[in-house]
Amino acid sequence: MFVVMARTAGEAEILGVKSAILGEGLTPYDHVGAERTVIAVIGEIGSRKAALMSRLGGLGGVESVTPISRPFKLTSREFHPENTVIRVLDAVVGDGSLTMMAGPCSVESRDQLFETADAVAAAGATILRGGAFKPRTSPYSFQGLGVEALRYLAEARERTGLPVITEVMEPNQVDIVAEYADILQIGTRNMQNYSLLTAVGRVARPVMLKRGYGATVEEWLMAAEYIVSSGNPNVILCERGIRTFETYTRNTLDLAAVPLLHHLTHLPVIVDPSHATGKRWLVKPLAIGGIAVGADGVMVEVHPRPEDALSDAEQQLNLDQFRELMAALVPVHEHVRSLHADPVVSGAALGIGGSEGLGKH
Ligand code: PEP
Ligand code: MN
């Protein structure tokens with residue numbers, strides 16, 4: 001449940017509500033919004049619900065107490081109506097600007113990374129990607145350069161000024177990856193690795209959580225809830241395609257998830273058309289589609305010589321193709337930005353306690 005404080009509520013009244021919640025053995029999380037403070041009550045409430053609602057509702061400074069039927073709380077728009085805006089170095093994600101994450105699937109060498117980094121930075125990328133620890137379907141495939149790649153990524157950041165994002169696959173890698181990278185990526189195969197989610201929830205680095213290829217939107221938001229409830233509010237969601245019966249594309253890009261997420265959550269949403277399609281020539285139209293439906297940005301794989309890439313050779317753009325993609329996306333983003341200015345989110349922001357079904361069928 002959420003305790004909505006009156007606009008006039010002061011510090012002492014907010015503290016009073018929080019200590020009442022703690023006294024019940026539950027945890028209060030407060031969000032200080034532009035207009036008012038909302039306090040989420042987290043924990044197993046069970047049969048205490050009615051009594052607790054009326055008790056908290058009677059405390060000083062409380063305007064209303066709202067039961068929330070959705071399982072995700074801290075990531076929901078009801079709790080936090082304004083968009084979450086994440087700043088890393090000079091990049092800003094979620095403020096309406098176009099976030100472009102670009103770089104190779106895998107960091108293969110210093111030269112390959114620097115050549116890519118220089119080109120994508122010059123073309124307007126805002127964040128540099130590159131895999132150091134690679135989750136490969138086959139144990140015989142290239143597994144990534146590991147810590148050596150992390151060092152190259154840090155050098156590429158110095159060179160270009162771009163923050164870097166790279167995947168962390170295990171809880172015991174979190175500290176070393178966080179030492180070198182600016183944003184930690186959780187890959188599709190690890191979306192429900194709860195010990196990893198909790199571990200990245202404890203570090204002071206934004207996290208990009210890719211959607212599990214078999215995960216529902218609700219399961220995805222619950223995974224994000226693990227990270228936020230562990231103490232890290234800076235989570236970016238990345239739609240990278242889900243597995244369906246279709247085989248022409250590597251996955252099926254769920255574009256409906258983008259406006260749906262903007263409705264359900266305050267977290268920024270990125271679309272990855274590279275892993276979604278698995279085909280170079282499909283990346284540009286799907287990137288445009290992602291921006292058109294209101295995504296905060298795109299992640300694409302770029303390699304100076306994609307045909308020689310050690311991983312995902314068929315889906316990486318070459319440097320010219322990335323420049324063409326940027327030239328196409330910037331005007332689309334400019335145009336679409338005015339269309340999406342508010343309506344997508346405002347309905348949800350107003351609807352505290354709203355309950356449109358997330359029915360199963
Ligand atoms: C990646 O972005 O490097 C990656 C492995 O993607 P995914 O987890 O979406 O397959
Ligand atoms: Mn890849």
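Note that ligands are numbered from 1 as they come in the structure, with each ligand's atoms numbered from 1 the same way.
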Check the pair Arg159, Asp118 against salt bridge (Lys or Arg N to Asp or Glu O under 4.0 Å), reporting the backbone distance first and the verdict last.
-> CA-CA 8 Å; Arg159 206 180 153 89; Asp118 291 352; 2.7 Å; yes

Do the side chains of Leu261 and Leu221 get nearer than 4.5 Å, heavy atoms only?
-> yes

In chain order, what residues pass the salt bridge (Lys or Arg N to Asp or Glu O under 4.0 Å) check against Glu170, with sequence neighbours excluded?
-> none

Between Asp111, Val302, Leu128, which is the residue that forms a side-chain contact (heavy atoms from CB on, under 4.5 Å) with Thr116?
-> Val302

Quick one: does NZ or CZ of Arg243 land under 6.0 Å from the six-membered ring centre of Tyr213, within 45 degrees of the ring axis?
-> yes

Test applied, side-chain contact (heavy atoms from CB on, under 4.5 Å); reference residue, Thr84; option that passes from Ile236, Leu267, Val235, Val93 | Leu267

Do Met191 and Glu219 come within less than 4.5 Å of each other through their side chains, counting heavy atoms only?
-> yes

Residue pair Asn193, Ser195: steps toward the side-chain hydrogen bond (donor to acceptor under 3.5 Å, both in side chains) verdict | CA-CA 6 Å; Asn193 180 338; Ser195 52; 3.2 Å; yes

Hey, which residues fall under 4.0 Å of ligand 1 on heavy atoms?
-> Arg129, Lys134, Pro135, Glu167, Gln185, Gly187, Thr188, Arg189, Lys210, Arg240, His275

Salt bridge (Lys or Arg N to Asp or Glu O under 4.0 Å) filter on Arg250, not counting sequence neighbours, yields Asp312

So which protein N/O/S atoms does the Mn ion (ligand 2) have within less than 2.8 Å?
-> Cys105 SG, His275 NE2, Glu301 OE2, Asp312 OD2

